[in-house]
Amino acid sequence: MDTSAFQPMQGMTDLAAPEIALWQRLEAEARRTLALYGFTEVRTPVVEQTAVFTRSLGETTDVVQKEMYTFTDRGGRSLTLRPEGTAGVIRYALGLGVESDGARLYYIGPMFRCERPQAGRKRQFHQLGVEAFGAPNPAADAEIIAMQLHLLEAWGLKGFTLDLNTRGVPEDRPAVTQGLADAARPHLGALCADCQRRFETNILRLLDCKKESCRQIVAGLPPTTQFMSAESRQYLDEVLRLLQKIGVPARVNPQLVRGLDYYVHTVWEIRHGALGAQDALSGGGRYRVTMGDKTFDGVGFAIGLERAIMAVQKDNPTLTQEQPRLMVWLVSMGAAALTANLDLAQNLRRQGVACGLDLAARSMKAQMRAANKSGATTVLIRGDQELEQGTVTLKNMADGTQQAVPLAELTARLM
RNA sequence: GUGGAUGUAGCUCAGUUUGGCAGAGCACCAGGUUGUGGCCCUGGCCGUCGCGGGUUCAAAUCCCGUCAUCCACCCCA
């Protein structure tokens with residue numbers, strides 16, 4: 001077999017049975033939970049004009065600079081496979097006009113980032129995301145965070161932690177950058193090579209360096225909130241107060257940084273211990289994006305579904321178990337019986353009885369083996385004898401007992 | 001984009017050190033039962049040893065390249 005000729009592109013995989021059942025269960029549970037909060041689904045295109053992403057995420061972000069699948073179509077337009085979901089939803093909301101204010105939308109679907117794959121990271125991966133549009137209001141942030149925890153708990157997840165921080169308002173950024181630079185400059189020589197680069201290019205990134213030597217230095221730096229306006233600090237305090245009121249255990253992590261430019265005020269991240277080095281199960285925040293002539297304020301989060309699956313497999317084994325299928329297997333001895341069983345199977349299926357049968361006219365032993373493998377609880381046997389008498393032989397696979405049943409009584413016996 | 005590990009039957013993997021007939025378990029198929037599954041017994045099928053090139057009398061094994069997977073960095077979900 002030549003496995004190299006036709007296989008998915010690097011970092012992309014086929015999702016099928018048996019794992020697909022877990023995906024479907026997570027999605028169904030998510031739709032149920034999000035509906036409780038008034039969210040409705042939106043399915044936006046997977047491909048957008050490149051500008052939809054470069055404008056909203058920020059030209060200098062890593063996602064835009066080195067991770068996007070961008071190509072030129074036959075009309076000479078620059079298009080991009082979506083690396084995240086928020087930009088497309090905002091592009092959709094732009095068309096809603098004033099109706100977009102207060103809109104609550106969610107999406108589930110594939111995203112694309114051309115990165116080196118590793119544990120919990122694919123080039124085509126899937127996100128469930130929600131967006132709640134409306135003017136900044138700490139109560140909205142708190143409600144969305146509470147909903148997110150509600151959803152994770154509905155999935156049976158336990159081993160996660162919520163870290164919260166604030167980006168402040170855009171006007172705070174020069175002061176934050178300046179303040180952080182002043183505080184870090186005396187330690188510049190002691191930082192790792194990456195951090196020395198970050199000091200120039202994106203100083204916030206010093207805060208979440210993984211190296212122990214850098215973390216010790218970072219721990220001694222003042223929190224970024226110290227350089228923010230009173231308005232920004234009050235917003236964070238109010239979010240924290242509300243979360244406490246509704247029983248959400250949030251802690252501020254001054255080292256939490258989120259990369260995209262559009263974030264304002266509250267940002268948060270949920271980590272899970274089952275995920276390996278890429279331990280962010282979900283990231284969220286409040287954002288402000290200008291598209292066309294409209295500025296959108298919103299708050300939302302995205303959950304990496306591949307990572308959610310990994311976490312559920314660890315935390316919630318019962319959801320992971322294959323659900324038993326109740327099924328009847330039809331065994332046919334001879335061509336006439338096969339024809340009759342094909343017809344009977346269709347009738348049973350129309351009545352909601354899942355059934356299967358061997359179409360290859362194999363030996364009875366082979367058919368019984370197939371029946372056993374299918375997990376059918378009942379086997380229905382027909383040969384010349386049964387056809388003549390207008391009966392079927394029902395065999396109980398659990399205890400091996402069997403008896404003849406008139407065709408007319410079959411449905412009642414199976415239900 | 002950088003670094004490490006790996007790629008042999010449908011699946012999980014031995015075999016690679018030291019070049020010498022392509023292997024095991026599971027799965028699958030058939031028989032052991034004229035019309036009866038699981039357990040057991042017997043037999044059978046299954047390979048471009050990821051792909052391409054090189055060295056050699058001889059390559060799964062050594063060398064070069066390439067593709068893919070896993071893990072980590074970077075970054076993110």
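In what follows, every chain begins at residue 1, and chains take the letters A, B, ... in the order their sequences are listed. This structure is a prediction, so every number in the text was calculated from the model and none was measured.
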Only pairs with both distances under 3.5 Å count, Watson-Crick or wobble alike; so what is the partner of [N] in this structure?
| N | answer |
| --- | --- |
| B/A68 | B/U6 |
| B/G19 | none |
| B/C46 | none |
| B/G1 | B/C73 |

Quick one: label [X] by what it contacts on the DNA or RNA (base, sugar-phosphate, nothing), any heavy atom closer than 4.0 Å.
| X | answer |
| --- | --- |
| A/G129 | nothing |
| A/R198 | sugar-phosphate |
| A/L275 | nothing |
| A/R362 | sugar-phosphate |
| A/Q65 | nothing |
| A/A308 | nothing |

[X] [atom1] to [N] [atom2], straight-line distance once rounded to whole Å:
| X | N | atom1 | atom2 | answer |
| --- | --- | --- | --- | --- |
| A/M111 | B/A77 | CE | P | 11 Å |
| A/Q403 | B/G35 | CD | P | 22 Å |
| A/D208 | B/C74 | CG | P | 9 Å |
| A/M310 | B/C71 | CE | P | 8 Å |

Can a donor-acceptor pair under 3.5 Å be found between the side-chain atoms of [X] and the base atoms of [N]?
| X | N | value |
| --- | --- | --- |
| A/R121 | B/C70 | no |
| A/E67 | B/C75 | no |
| A/Q402 | B/G35 | no |
| A/Q118 | B/C74 | yes |
| A/K395 | B/U36 | yes |

Provide the distance between the two [atom1] atoms, one in [N] and one in [M], to the nearest whole Å.
| N | M | atom1 | result |
| --- | --- | --- | --- |
| B/A22 | B/G47 | P | 14 Å |
| B/C49 | B/A59 | P | 12 Å |
| B/C40 | B/C45 | P | 22 Å |
| B/A30 | B/U34 | P | 15 Å |
| B/G15 | B/U55 | P | 29 Å |
| B/A9 | B/G25 | C1' | 12 Å |
| B/A24 | B/C62 | C1' | 26 Å |
| B/U33 | B/G50 | P | 44 Å |

NZ/NE/NH1/NH2 to OD/OE distance under 4.0 Å, A/D315 and A/K158: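 A/K158 and A/D315: not salt-bridged.
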
Salt-bridge present (A/R91, A/E48; N to O < 4.0 Å):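 Yes, A/R91 and A/E48 are salt-bridged.
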
State which of [options] makes the closest approach to the side chain of [X].
| X | options | answer |
| --- | --- | --- |
| A/I381 | B/A77, B/U36, B/A72 | B/U36 |
| A/E115 | B/C75, B/C28, B/A30 | B/C75 |
| A/R307 | B/C75, B/A77, B/A72 | B/A77 |
| A/L260 | B/C29, B/A77, B/C70 | B/A77 |
| A/R369 | B/G3, B/A30, B/C74 | B/A30 |
| A/K365 | B/C70, B/C75, B/G31 | B/G31 |
| A/K122 | B/C70, B/G35, B/A77 | B/C70 |
| A/M397 | B/G37, B/C74, B/C28 | B/G37 |
| A/S363 | B/C75, B/G31, B/A77 | B/G31 |
| A/N372 | B/C74, B/G37, B/G3 | B/G37 |

A/M415, CE atom: more than 12 neighbouring heavy atoms under 6.0 Å: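 Enclosed: over 12 neighbouring heavy atoms sit under 6.0 Å from CE of A/M415.
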
A/R349 atom CZ: more than 12 heavy-atom contacts under 6.0 Å: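 Yes.
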
Test side chain to side chain contact (heavy atoms under 4.5 Å, CB included) applied to A/T318 and A/N316, step by step: CA-CA 6 Å; A/T318 54; A/N316 189 4; 2.9 Å; yes

Of A/N396 and A/M9, the one whose closest RNA chain B nucleotide lies more 5':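 Checking each residue's closest nucleotide, the 5'-ward one belongs to A/N396.
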
A/M12 vs A/T61, nearer the 5' end of RNA chain B by closest nucleotide: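 First, find each residue's nearest nucleotide; the 5'-ward one identifies A/M12.
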
A/R25 side chain near A/L319 side chain, heavy-atom distance below 4.5 Å: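 Sidechains of A/L319 and A/R25: in contact.
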
Any side-chain heavy-atom pair of A/R286 and A/I144 under 4.5 Å: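 SC-SC contact between A/R286 and A/I144 ruled out.
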
